[in-house]
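What follows is a single structure, written as structure tokens, with notes after it.
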Amino acid sequence: MVRDAYTFLLPLAILGLTGLVLTPFWPWLLVPGALCILLASFVAFFFRDPERDVPMEPGVIVSPADGRVVLIGSVPDGNQVENGTLVSIFLSVLDVHVNRAPLAGKITGIEYRRGSFLVAMNHRASVENEQNVVTIDDGVVRVVFKQIAGLIARRIVFSKELGTDVARGERVGLIKFGSRVDVLLPSSIEVAVKRGDRVKGGVTVLGRVKS
């Protein structure tokens with residue numbers, strides 16, 4: 001479980017346990033106490049951070065997030081990756097929200113953009129919503145991925161600094177409560193997923209360098 005969980009988990013757990021303990025004296029505390037325990041359980045579930053077996057196959061790009069592929073198309077004009085492919089991944093509140101590096105390399109760009117909070121399933125969210133844009137370059141391939149806030153997710157966490165070297169599948173951040181991640185793959189990458197596929201962060205291969 002990620003450390004960010006404790007900000008929400010501890011108060012809920014304390015309130016819930018206190019309510020249940022005092023129920024014999026004030027029976028009306030049973031319902032709010034039980035509700036707090038249920039919410040604490042959900043927070044622990046949401047902020048889970050399982051270990052992942054990252055594929056070691058050379059030349060692959062892995063998914064930076066868990067979720068479902070909702071869009072595959074051309075990279076819009078004005079982005080750092082030209083003539084490439086956009087892969088959009090929607091994360092529901094039931095998915096793991098820890099983000100991972102899609103490839104090993106150096107973080108050459110971090111840009112936080114303020115914006116709206118449209119429902120993350122809406123494709124306009126890729127452009128209009130608040131987001132953190134990260135560029136990773138391994139010297140041969142440059143991949144951009146965006147942590148995009150949703151209607152509920154209003155807190156994007158990115159734990160690495162500009163110039164940091166990261167390993168493929170390494171934990172790099174978190175988006176709290178329902179969101180979207182866009183991956184911008186260069187034309188040298190052959191996409192290995194299709195719309196509707198379920199993907200796992202650090203595990204599912206999104207693409208491979210063309211031979």
Side-chain angles (χ1 to χ4, degrees), residues 1-13 37-70 87-108 110 120 131-138 141 143-150 152-153 155-185 189 191-194 196-209:
M1 187 167 58
V2 296
R3 289 184 301 175
D4 300 66
Y6 294 105
T7 302
F8 304 96
L9 181 61
L10 291 179
L12 287 170
I37 292 297
L38 287 175
L39 289 173
S41 300
F42 170 75
V43 167
F45 172 78
F46 178 86
F47 284 100
R48 65 197 187 280
D49 184 14
E51 294 295 332
R52 293 287 166 82
D53 293 324
V54 181
M56 293 293 103
E57 178 187 347
V60 301
I61 307 299
V62 298
S63 176
D66 286 30
R68 182 167 61 89
V69 177
V70 294
V87 179
S88 287
I89 301 165
F90 172 72
L91 295 75
S92 76
V93 293
L94 300 180
D95 288 310
V96 173
H97 276 59
V98 174
N99 300 142
R100 295 172 178 267
L103 76 163
K106 184 181 294 293
I107 297 176
T108 58
I110 303 173
Q131 56 193 260
N132 189 49
V133 184
V134 181
T135 304
I136 301 179
D137 196 322
D138 69 357
V141 175
V143 171
V144 176
F145 73 95
K146 302 179 180 182
Q147 300 171 287
I148 302 172
I152 302 175
R155 182 74 173 100
I156 296 174
V157 177
F158 189 72
S159 58
K160 303 297 182 180
E161 295 181 355
L162 190 66
T164 302
D165 289 315
V166 292
R168 181 194 298 167
E170 182 178 345
R171 296 171 177 87
V172 295
L174 171 76
I175 315 176
K176 299 177 182 178
F177 304 115
S179 49
R180 184 184 185 114
V181 171
D182 282 359
V183 188
L184 283 59
L185 301 174
I189 299 297
V191 178
V193 293
K194 63 183 185 299
D197 284 353
R198 295 286 306 179
V199 295
K200 281 190 173 183
V203 176
T204 304
V205 174
L206 290 188
R208 294 178 171 86
V209 176

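A quick note: this is a predicted structure, and the numbers were derived from the prediction, not measured.
Residue Val199 is tested with Ile89, Val62, Val87 for a side chain to side chain contact (heavy atoms under 4.5 Å, CB included); the sole match is Ile89.
Here Asp182 contributes atom CG and Lys146 contributes atom NZ; the two are 6.0 Å apart, rounded to the nearest 0.5 Å. Remark: Phe42 CZ to Leu94 CG distance equals 7.0 Å, nearest 0.5 Å. With values rounded to the nearest 0.5 angstrom, Asp95 atom CG is found 7.0 Å from Arg48 atom CZ. We find the CD-CD1 distance between Gln131 and Ile156 to be 7.5 Å, quoted to the nearest 0.5 Å. One finds the CG atom of Leu174 at 9.0 Å from the OG atom of Ser159 (value rounded to the nearest 0.5 Å). Considering NZ of Lys200 and OG of Ser63, their distance stands at 11.5 Å, rounded to 0.5 Å.
Not one N or O on the side chain of Arg168 forms a donor-acceptor pair closer than 3.5 Å with the backbone of Leu103. Remark: the backbone N or O of Gly173 is not paired with any side-chain donor or acceptor of Gln147 at under 3.5 angstrom. Between the Asn99 side chain and the Val172 main chain, no donor and acceptor come within less than 3.5 Å of each other.
You'll find the side chain of Ile148 stays beyond 4.5 Å of the side chain of Val181, heavy atoms only. Between Arg208 and Glu57, the closest side-chain pair of non-hydrogen atoms falls below 4.5 Å. Contact annotation: the side chain of Arg68 never approaches that of Asp197 to less than 4.5 Å [non-hydrogen atoms, C-beta and beyond]. Side-chain contact between Leu184 and Phe145: absent, with no pair of heavy atoms (C-beta onward) separated by less than 4.5 Å. Using a 4.5 Å heavy-atom cutoff, the side chains of Lys160 and Ile107 are in contact.
Side-chain contact of Asp137 with Thr108: a donor-acceptor pair under 3.5 Å is absent, judged by distance alone.
We find that Arg52 and Glu170 are not joined by a salt bridge, their nearest charged nitrogen and carboxylate oxygen being 4.0 Å or further apart.
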